[in-house]
Amino acid sequence: MTTWLVTGGAGYIGSHVVRQFLESGRDVVVLDDLSTGLERFVAADVPLVRGSVDDPVAVAAALKRGGVPVDGVVHIAGFKYAGVSVSKPLETYRRNVVGTVVLLETMAAVGVDRLVFSGSAAVFGTPLTELVTEETAHAPESPYGASKDMDERIVVDAVAASEDLAAVTLRYFNVVGSSYPDIWDVSPYNLFPAVMRALAAGETPIVSGTDYPTPDGSCVRDYVHVGDIGLAHVTAAEALEQGRALLPAYNLGSGDGLSVLEIMDAFRRVTVIDFTPALRERRPGDPARIVASGEAAARDIGWAMRNTVDDMVRSAWEAWPR
């Protein structure tokens, strides 16, 4: 039985990854400073080291829980708010870039040589292509996106310089839904929690911009169920354990995308709450469409979209605390 460290394992995505690793028969250790994650998301029998990835002492303690090095790391912890990163660039780079360097240095010192890295669609900025692939040029437009781009380069360079390190980056787009009734998206900025917060309070959800060059005028994004994202980490870890050759990075995309207004329609269907969203002006910097192909990930790590939009909304709504 192998043991994996999940950094950020008390967060929305991280806690899903932890549970799915456990369900796969692996043991897990969590490293989280609980700045955004919730301790209640971590099962009582999962070791939790409270600390940040930019603290080498905390990282070393998590990597050698009980004195024995873990078999691999899933690195999810980080500062994830693109908009806020514009006003807090130094904090963003410290937590994301410095944190990744500290983690890799400590992994090398302890002798841990497998890494699944949590990437982001933010590395692409506003893509010039209709469909983002692994070959699409990176053009980040925020300190957050730039930090994730730097992280990818750091991981690639660390692998090239090491005889032992094997790593793969999984890039997320818009992660939604829930696979467990006691875990929900705690983000104050993401679309799904914003809609659910409004509906639970008897208020009207907001759509920012309906004049984009898209079929219904609202932004089109790649929405992917968090359970599908979690399973991709399990299969990527398995590939590393087996020593299989992988690309440096994969996009976990749907290939199609959904518009914000389509998401609103799904919320109406699933919640049976009849509402008409309030239409507002565009938000600065929101691209009209970001949709990625998941073909490479499907080929190499068995990636698949297993949930419909109604599944995503239903599971998110059922887990939402109210």
Side-chain angles (χ1 to χ4, degrees), residues 4-19 21 28-44 46-63 65 70 73-107 115-122 140 142-151 154-155 170 172 174-176 178 180 182-194 196-197 226 229-230 233 316 319-321:
W4 283 71
L5 169 64
V6 179
T7 72
Y12 164 56
I13 298 174
S15 58
H16 274 83
V17 171
V18 168
R19 295 195 190 185
F21 265 68
V28 179
V29 177
V30 169
L31 173 66
D32 202 301
D33 63 7
L34 302 182
S35 57
T36 57
L38 300 178
E39 188 170 359
R40 64 188 291 183
F41 285 177
V42 182
V46 172
L48 170 62
V49 177
R50 184 165 182 173
S52 174
V53 288
D54 60 12
D55 177 358
V57 174
V59 173
L63 287 171
R65 184 73 177 178
V70 299
V73 177
V74 179
H75 181 29
I76 300 177
F79 189 86
K80 302 181 183 301
Y81 304 133
V84 180
S85 75
V86 175
S87 60
K88 295 184 176 181
L90 299 184
E91 180 179 355
T92 302
Y93 290 122
R94 176 179 58 78
R95 292 176 63 180
N96 292 355
V97 179
V98 175
T100 297
V101 170
V102 169
L103 175 64
L104 286 166
E105 288 177 335
T106 313
M107 286 174 61
L115 174 67
V116 179
F117 177 70
S118 167
S120 172
S142 68
Y144 169 69
S147 73
K148 300 300 282 187
D149 185 43
M150 291 178 194
D151 281 340
I154 290 167
V155 171
L170 303 180
Y172 314 160
N174 292 267
V175 184
V176 298
S178 179
Y180 307 97
D182 57 339
I183 301 177
W184 62 91
D185 187 351
V186 298
S187 169
Y189 305 108
N190 292 344
L191 176 64
F192 269 49
M196 292 185 293
R197 196 174 297 115
V226 66
I229 294 291
H233 288 77
W320 187 252

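- Put simply, the side chain of Ser118 does not reach to within 4.5 Å of the side chain of Val74, judged on heavy atoms.
- Here the CG atom belonging to Asp54 is positioned 5.0 Å from the CZ atom belonging to Arg94, to the nearest 0.5 angstrom.
- Of the inter-residue distances, the one linking Asp151 atom CG with Thr100 atom OG1 reads 3.5 Å to the nearest 0.5 angstrom.
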Please evaluate residues Val102 and Asp55 with respect to the criterion side-chain contact (heavy atoms from CB on, under 4.5 Å), reporting the C-alpha separation (whole Å), side-chain torsions for both, the decisive distance (0.1 Å), and the verdict. CA-CA 7 Å; Val102 169; Asp55 177 358; over 6 Å; no
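- Atom CD1 of Ile229 sits about 6.5 Å away from atom OH of Tyr172, to the nearest 0.5 Å.
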Which donor-acceptor pairs under 3.5 Å do side chains of residues 183-190 form with protein atoms, sequence neighbours excluded?
unit_1 : atom_1 : unit_2 : atom_2 : d
Asp185 : OD1    : Ser187 : N      : 3.0
Asp185 : OD2    : Asn190 : ND2    : 3.0
Ser187 : OG     : Tyr189 : N      : 3.0
Ser187 : OG     : Asn190 : N      : 3.2

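- The pair Arg40-Asp182 fails the salt-bridge criterion, with no side-chain N (NZ, NE, NH1 or NH2) lying under 4.0 Å from an Asp/Glu carboxylate O.
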Does the pair Val84 and Phe79 meet the rule for a side-chain contact (heavy atoms from CB on, under 4.5 Å), with working shown? CA-CA 9 Å; Val84 180; Phe79 189 86; 3.7 Å; yes
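- With contacts defined as side-chain heavy-atom distances shorter than 4.5 Å, the pair Arg65/Val70 does not qualify.
- Put simply, the side chain of Tyr81 does not reach to within 4.5 Å of the side chain of Lys88, judged on heavy atoms.
- Taking 4.5 Å as the limit, every side-chain heavy atom of Trp4 sits out of range of all side-chain heavy atoms of Val17.
- With rounding to the nearest 0.5 angstrom, the CG atom of Leu103 is 6.5 Å from the OG1 atom of Thr7.
- Here the side chains of Leu104 and Leu115 are in contact, with some heavy-atom distance below 4.5 Å.
- Between His233 and Val116, the closest heavy-atom pair is CD2-CG1, 3.8 Å.
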As a quick check of understanding, evaluate side-chain contact (heavy atoms from CB on, under 4.5 Å) for Phe117 and Lys148, giving each step before the final call. CA-CA 10 Å; Phe117 177 70; Lys148 300 300 282 187; 3.6 Å; yes
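- Rounding to the nearest 0.5 Å gives a distance of 4.5 Å between CG of Leu34 and CZ of Arg50.
- Considering all non-hydrogen atoms of both residues, Gly14 and Ile76 come closest at CA-CD1, 3.8 Å.
- Between Pro140 and Ala146 the shortest heavy-atom distance is CB-N, 3.4 Å.
- Separation of atoms CG (Asp32) and CG (Leu38) is listed at 9.0 Å; rounding is to 0.5 Å.
- For the side-chain hydrogen bond (donor to acceptor under 3.5 Å, both in side chains) criterion with Arg95, the lone passing option out of Ser85, Ser147, Ser35, Ser52 is Ser35.
- Pairing each heavy atom of Ala10 with each of Val30, the nearest pair is N-CG1, 4.0 Å.
- Residues Val18 and Val42 fail the side-chain proximity criterion, which asks for heavy atoms closer than 4.5 Å.
- Summarising the local packing, CD of Glu91 is surrounded by more than 12 heavy atoms from other residues, nucleotides or ligands at distances under 6.0 Å.
- Using cut-offs of 30° and 60° on the angle between ring planes, the pair Tyr180 and His16 is tilted.
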